[in-house]
Amino acid sequence: MKTTLALAALLASVSVPAFAQAVTDPSKAEAGTYTIEPEHTRVRFDVTHFGFTKYDGEFRKVSGTLVLDPANPDASKVDITVATDSVAVPNAKLREELVGPQWLDAAKFPQITFKSTKVTKTGADTADVVGDFTLHGVSKPLTLHVKFNAAGTNPVNKHYTSGFEARGQITRTEFGVKTYAPMISDAVDIDIDAAFEKAK
């Protein structure tokens, strides 16, 4: 009991810096060039497995830049690169298959990229971002439905940060990834949560 009370007192005495000046209105975010903050950025995907369940995974090495122009959202640009061999799934054997030639062929195609070509505002804090998506050596247009979350100074590392979430969908056979289609769904949902830090 004494230990519990002592721990509670210690926790109460620790001051946590406030997330001051955070804004949720994208027009109030700071303009400039940002880079991906990889530790709090996630690129996930899911497919339907034989119609029984959804199965998901993620890519753990992500880099890229964002040019943010809140006064003129159409002029904003984003460029994202994912390391193909950073794919992660709960099953180790499946991960080996995914990086191999019958799926992603990471040795031959080490990067998956998205380079925006057009930004269209769709709401107060949303936009459709169209870009060239390259997977398995094939490039095709992809639309990401993007929502601005917030921007402000990270209270821990003091970097000015902007956060977004984005959703999209590709048809994997169009990129030459045909293994087990359509038993494992041809449609692949993409789910991104991205943090960008402003260059100092």
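The chain is numbered in sequence order, starting from 1.
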Query raised in the report: Mind checking whether Asn91 and Tyr55 have side chains closer than 4.5 Å, heavy atoms only?
Result: yes
Query raised in the report: Charged N to carboxylate O below 4.0 Å: is that the case for Glu58 and Arg42?
Result: yes
Report task. Would you please say whether a donor-acceptor pair under 3.5 Å links the side chains of Glu37 and Asn154? Result -> no
Query - 4.5 Å side-chain heavy-atom contact, Glu197 and Tyr160 - result: no
**Report entry** Salt-bridge contact Lys147-Asp125 (side-chain N to carboxylate O under 4.0 Å)
**Finding:** yes
Query - Electrostatic pair Glu97-Arg95, nearest N-O below 4.0 angstrom - result: no
Query raised in the report: Ignoring hydrogens and geometry, is there a side-chain-to-backbone donor-acceptor pair from Thr179 to Gln102 under 3.5 Å?
Result: yes
Query raised in the report: Around atom CZ of Phe50, are there more than 12 heavy atoms of other residues, nucleotides or ligands at under 6.0 Å?
Result: yes
Query raised in the report: Can you check whether Ser76 reaches Val67 side chain to side chain, under 4.5 Å on heavy atoms?
Result: no
Query raised in the report: Would you call Arg44-Asp193 a salt bridge at under 4.0 Å N-O?
Result: yes
Report task. Determine, using ring centers only, whether Phe164 and Phe148 are less than 6.0 Å apart. Result -> yes
**Report entry** Within the 6.0 Å centroid threshold, strictly below: His136 and Phe109
**Finding:** yes
Query raised in the report: Ignoring hydrogens and geometry, is there a side-chain-to-backbone donor-acceptor pair from Asp186 to Thr173 under 3.5 Å?
Result: yes
**Report entry** Donor + acceptor pair across side chains of Asp128, His145 (<3.5 Å)
**Finding:** yes
Query raised in the report: Taking C-beta and beyond as the side chain, do Ile36 and Phe196 meet within less than 4.5 Å on heavy atoms?
Result: yes
